[in-house]
Each structure stands twice: as structure tokens, then as C-alpha cells.
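Structure record follows, encoded as C-alpha cells.
Counting starts at 1 for both ligands and their atoms, following the listed order.
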Amino acid sequence: MTQQPWTKEEFAQKLRAKGEVYHIYHPFHIAMNKGECSKEQIQGWVANRFFYQSAIPVKDAGIMANCWDMETRRKWIQRILDHDGEIGDERLGGIEAWLRLGEAVGLTRDDILSERLLLPGVKFAVGAYINFTKRASWEEAACSSLTEMFAPEIHQSRLDTWPTHYDWIDPEGFSYFQMRLNQARRDVQHGLAITLDHFETRRQQERALNILQFKLDVLWSMADAISLAYEFDRKPYSGIADQSICHKGFM
Ligand SMILES: O=C(O)c1cc(C(=O)O)c2c(n1)C(=O)C(=O)c1cc(C(=O)O)[nH]c1-2
């Protein structure tokens, strides 16, 4: 027997309920916001998360390349500009703001851009996200961005706790988190409207929940890789080879 679709309110509620397994609850992130991370752990997280940051506009350009709806593209393009910044606009793009966060935690730009601290596990998780959004329809890809529903809370928790716990971090570095509060809320309004309209049958709605779970898995896997390397001191090839080995390219 085919099950009745959930109403839009019920469906939105089910999507929001997925926040229960957001990476804000990952032990590494909990420790980070309690002030329990060392400088090296914070640096490892910032350098690795940079790869996610720099992948976001590539991911969004891929979504736009699959999208024949002009109204959607006119809104979606803003996500690329938020991260890349606009020529002639003195506001920081997200990628530049993240590089400044890197400097604020004591890394050089080269430490980050050279990818020498990048962990293969983080790279694979980010690659899975990019590849999913390339293959999926733009509506499904939009749905996969909905972990952003939960992101303002994690950005806010960093703004609330880091300045006291990590007073060695130059506060200028926090502007990325500040900027994302409103940008993420606006992105979510758009992504959620697409999702609620597109996934109509119960089967489709369940698929949307599965897509959101996929994205939660991406984020959790990144945190796992960072935690293994920096919390449990088990970087890849630990004890057998140079621990900064990681293949280049191949996305
Ligand atoms: O710091 C975080 O925990 C976090 C999480 C997420 C997320 O939930 O995907 C994003 C961001 N930050 C972020 O800064 C960002 O620009 C972003 C874009 C997207 C996306 O899927 O399109 N997620 C996120």
C-alpha cells in the first residue's frame, strides 16, 4: 500500500529532526567548543576544513550547470559570490575569510593552500559531496545543502566560546563565523523551499531524508578523520612513513 505523503509542515519537521545527528554533536566539536583543544588540534581542524570551504563554490557551480531554471540560478549564484567574493566589493569572500582564520590560529597561507595538512579522509568525504551534487538533479543537490539548517547554531557556539577559551586566537579570525550566520539562514530558506516543493510523494520525501543523511555522513566523516589524526594522534601512515603523505588532485 502506498503511504500518504507528509504535509509540508510534517516533512519540514522530519528534515529538521535530522539535526539530532549534526556534527555539532561530534566529540571533537564538543571538545573544541568546551575549550579542550590544543593549538595543534585547532590548526589541524582549520587547515582541513579549508578544503570543504574551497569546494563549496565548485559544488555550487556544478549544481548550476545542471539547472535549467533561471529563477533558481539567479538566487543560487549568490552562494558562489559569498565564498569567492566579488570584484570591487570590499566585503570579504568566505574563502578569504577562512584563510584569515587560518592566519589568526597561527598558520601561514601556504600551510593551508599547499594542502600539506590535508587528510585523505577529509578529501574523500568532500569529494563524495561534490560528486553526488554533480550527478544528482539540482533539486536533490539543493536538498543535500540542508545541513545548513543547523549551521548557524554551530557558528554561533564558536563565536560564544572561542574568544574566552582560545584567547591566543586573533579575534579578526572569527569574521567567517559571523558572516555565515545570515548567509546560511538565507540559503536554507531557498534550499528548503525547493525541497518542500520538489519531493512530493512519500517515497520522494523519504529519499530527501536519505539525501540529508548522506550529507550528515559527509560532515561526520570529516570530523572523524580530523579527530583520529589530531585527537587520537593517528595520522595516516602513522609510524610507517611520512605522515603528511596525501595524493594530489583526483576529485
Ligand atoms: O562550520 C560548519 O560546521 C559548517 C557546516 C556546513 C554544513 O552544515 O554543511 C556549512 C558550513 N559550515 C559553511 O560554512 C558553509 O559555507 C556551508 C555551505 C554548505 C553547503 O552544503 O552548501 N554547507 C556549509
Side-chain angles (χ1 to χ4, degrees), residues 15-16 18-26 28-33 42 45-64 67 72 75-85 92-102 105 122 125-134 136 138-162 173-192 194-195 208 211-227:
L15 290 163
R16 286 204 184 88
K18 285 276 181 192
E20 284 172 14
V21 291
Y22 192 50
H23 67 173
I24 196 170
Y25 301 111
H26 191 285
F28 188 78
H29 287 153
I30 292 177
M32 193 175 237
N33 289 346
I42 299 270
W45 179 81
V46 169
N48 274 277
R49 266 294 304 269
F50 180 75
F51 194 68
Y52 184 70
Q53 304 307 133
S54 49
I56 294 289
V58 175
K59 181 270 296 183
D60 286 320
I63 294 177
M64 287 185 55
C67 176
T72 303
K75 288 191 185 161
W76 207 272
I77 199 167
Q78 189 57 47
R79 296 177 186 233
I80 300 180
L81 299 173
D82 286 344
H83 286 276
D84 284 345
L92 285 187
I95 293 180
E96 175 59 27
W98 198 277
L99 283 168
R100 293 190 188 187
L101 170 64
V105 302
V122 168
V126 172
Y129 185 30
I130 296 198
N131 288 328
F132 170 78
T133 56
K134 268 190 196 154
W138 60 267
E139 294 95 335
E140 291 201 339
C143 173
S144 69
S145 72
L146 286 183
T147 47
E148 276 205 281
M149 285 190 292
F150 321 120
E153 189 184 339
I154 201 167
H155 292 309
Q156 188 63 56
S157 68
R158 294 173 190 136
L159 289 165
D160 292 342
T161 59
W162 285 30
F174 301 136
S175 50
Y176 181 82
F177 305 136
Q178 189 65 49
M179 278 163 43
R180 281 312 294 173
L181 294 175
N182 288 333
Q183 292 174 351
R185 288 191 185 106
R186 182 214 53 215
D187 289 355
V188 165
Q189 264 184 358
H190 186 212
L192 191 57
I194 292 171
T195 304
I211 290 171
L212 187 52
Q213 184 58 52
F214 157 77
K215 172 67 173 310
L216 289 158
D217 294 347
V218 165
L219 296 174
W220 197 271
S221 302
M222 284 168 59
D224 272 349
I226 296 170
S227 152

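- Contacts with ligand 1 closer than 4.0 Å are made by side-chain heavy atoms of H155 only, the backbone lying farther away.
- If you check the side chains of Y22 and E153, you find no donor sitting under 3.5 Å from an acceptor.
- Considering only non-hydrogen protein atoms, atom 3 (O) of ligand 1 sits nearest to H23 NE2, 2.8 Å.
- Close to ligand 1: R49, with a non-hydrogen atom less than 4.0 angstrom away.
- The backbone N or O of H23 sits less than 3.5 Å from a side-chain atom of H29, completing a donor-acceptor pair.
- Atoms of ligand 1 lying under 4.0 Å from at least one heavy atom of L219, given by number and element, are 7 (C), 8 (O), 9 (O).
- Between the side chains of Q78 and D82, at least one donor-acceptor pair of N or O atoms lies under 3.5 Å.
- Ranking protein heavy atoms by distance to atom 22 (O) of ligand 1, first place goes to K59 NZ, 2.7 Å.
- Regarding atom 5 (C) of ligand 1, its nearest protein heavy-atom neighbour is Y22 OH, 3.1 Å.
- Other residues, nucleotides and ligands contribute more than 12 heavy atoms inside 6.0 Å of the NZ atom of K18.
- Contact analysis leaves H29 out of contact with ligand 1, as no non-hydrogen atom separation drops below 4.0 angstrom.
- Between S144 and ligand 1, no N or O atom pair is found at a separation short of 3.5 Å.
- For ligand 1 and I154, the ligand atoms under 4.0 Å from any heavy atom of the residue are 2 (C), 3 (O).
- Under the 3.5 Å distance criterion, with hydrogens and angles disregarded, a donor-acceptor pair is assigned to the side chains of K215 and T147.
- The protein non-hydrogen atom at the shortest distance from atom 17 (C) of ligand 1 is E148 OE2, 3.8 Å.
- The neighbour count for I77 CD1, taken as heavy atoms of other residues, nucleotides or ligands under 6.0 Å away, does not exceed 12.
- The closest donor-acceptor contact from the side chain of W98 to the backbone of G93 lies at 3.5 Å or more, if one exists at all.
- In this structure, the protein non-hydrogen atom closest to atom 7 (C) of ligand 1 is T147 OG1, 3.3 Å.
- Every atom of ligand 1 with a heavy atom of H83 under 4.0 Å away is listed here by number and element: 16 (O).
- Residue contacts with ligand 1: Y52 is included, with a non-hydrogen atom under 4.0 Å away.
- With hydrogens and angles ignored, the 3.5 Å screen pairs a side-chain donor or acceptor of R79 with a backbone N or O of D187.
- The protein atom (non-hydrogen) at minimum distance from atom 21 (O) of ligand 1 is Y129 OH, 2.6 Å.
- Not a single N or O atom of R79, backbone or side chain, sits closer than 3.5 Å to an N or O atom of ligand 1.
- Using a 4.0 Å heavy-atom cutoff, Q53 is listed among the residues neighbouring ligand 1.
- The aromatic rings of Y176 and H83 sit tilted, their planes meeting at an angle between 30° and 60°.
- At a threshold of 4.5 Å between non-hydrogen side-chain atoms, the residues L92 and S175 count as touching.
- Atom 14 (O) of ligand 1 has Y176 OH, 2.5 Å as its closest protein atom, hydrogens excluded (heavy atom only).
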Stepwise side-chain hydrogen bond (donor to acceptor under 3.5 Å, both in side chains) check, R186 with Q183 = CA-CA 5 Å; R186 182 214 53 215; Q183 292 174 351; 5.7 Å; no
